[in-house]
Amino acid sequence: MKTILLCSLLCLALALTAAAADVSGKWSGTVTPENGDGGSAYLILKQSGSTITGTGGPDANDQWPGLQGKIDGNKVSFEVKSTDDGTIFKCTLVLDGDHLNGDVEFTTPDGQLGKAKLNLTRVTQ
């Protein structure tokens with residue numbers, strides 16, 4: 001009986017590992033700085049294991065390369081640098097189904113700091 005229970009638990013653990021979240025794909029939504037002047041946001045992510053790479057920017061046509069990050073369970077974190085003005089965006093998000101929501105901290109080239117909220121939905125094709 002113990003062997004059957006152990007085998008069942010092992011199979012369940014393997015199934016949960018195989019069903020781990022994958023954030024690969026396109027994500028569209030909004031970014032809202034603390035001052036309230038929001039704008040659009042668009043990410044193209046590729047996940048390999050716990051590593052995330054890709055691009056990010058205000059829309060599908062204006063993408064900044066070099067996005068680097070990681071996923072740990074449902075916690076997603078990454079950094080991307082604007083090619084427009086050099087602002088660095090550090091994002092800490094939570095994956096909930098087809099939604100990524102969380103916080104952004106950004107630093108402008110002249111050292112000014114800011115915070116924003118990021119709300120993204122997976123783009124379905």
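Along the sequence shown, residues carry numbers from 1.
- The neighbour count for Asp96 CG, taken as heavy atoms of other residues, nucleotides or ligands under 6.0 Å away, does not exceed 12.
- In terms of heavy atoms, Thr87 sits closest to Pro109 at OG1-CD, 3.8 Å.
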Original post:
Going through the distances and angles, do Lys81 and Trp64 end up as a side chain to side chain contact (heavy atoms under 4.5 Å, CB included)?
Top reply: CA-CA 7 Å; Lys81 183 177 182 179; Trp64 311 321; over 6 Å; no
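- Between Leu120 and Gly29, the shortest heavy-atom contact is CD2-N, 3.5 Å.
- For the pair Leu93 and Phe78, the minimum side-chain heavy-atom distance is below 4.5 Å.
- For Asp84, the CG atom counts as densely surrounded, since its 6.0 Å shell holds more than 12 non-hydrogen atoms of other residues, nucleotides or ligands.
- For Gln112 (side chain) and Gly114 (main-chain N/O), no donor-acceptor pair under 3.5 Å exists by modelled atom type.
- Closest non-hydrogen pair, Cys91 versus Val104, comes out as SG-CG2, 3.8 Å.
- The CG atom of Asn119 sits 8.0 Å away from atom NE2 of His99, with the distance rounded to the nearest 0.5 Å.
- Distance check, rounded to the nearest 0.5 Å: OG1 of Thr32 to NZ of Lys117 gives 10.0 Å.
- Note that OG1 of Thr55 is 4.0 Å distant from CD1 of Ile44, once rounded to the nearest 0.5 Å.
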**OP:** Let me see the working for Leu45 and Val23 under side chain to side chain contact (heavy atoms under 4.5 Å, CB included), right down to the final yes or no.
**Re:** CA-CA 7 Å; Leu45 303 178; Val23 295; 4.1 Å; yes
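- Here the shortest heavy-atom pairing between Ile71 and Gly73 reads CG1-O, 3.4 Å.
- Counting all heavy atoms, side chain and backbone alike, Pro65 lies closest to Val80 at O-CG2, 4.2 Å.
- Annotation: the span from Trp27 atom CH2 to Leu100 atom CG amounts to 4.0 Å, rounded to 0.5 Å.
- The nearest pair of heavy atoms linking Ser28 to Val123 is CB-CG2, 3.7 Å.
- The NZ atom of Lys70 lies 8.0 Å from the OG atom of Ser50; values are rounded to the nearest 0.5 Å.
- Glu79 has its side chain out of reach of Gln68: every pair of non-hydrogen atoms, C-beta onward, lies at least 4.5 Å apart.
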Subject >> Criterion salt bridge (Lys or Arg N to Asp or Glu O under 4.0 Å) on Lys115 and Asp103, from CA distance to verdict >> reply: CA-CA 7 Å; Lys115 294 184 179 184; Asp103 299 316; over 6 Å; no
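- Ring pair Phe106/Phe89 is tilted by interplanar angle, where 30° to 60° counts as tilted.
- Listed for the Ser48 side chain is no donor-acceptor partner under 3.5 Å among the backbone atoms of Thr51.
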Original post:
Between Leu67 and Ile52, does a side chain to side chain contact (heavy atoms under 4.5 Å, CB included) hold up when you go through it step by step?
Top reply: CA-CA 8 Å; Leu67 183 147; Ile52 298 171; 4.0 Å; yes
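- The closest donor-acceptor contact from the side chain of Asp59 to the backbone of Asp62 lies under 3.5 Å.
- For the atom pair CG of Leu43 and CG of Leu118, the computed distance is 6.5 Å after rounding to the nearest 0.5 Å.
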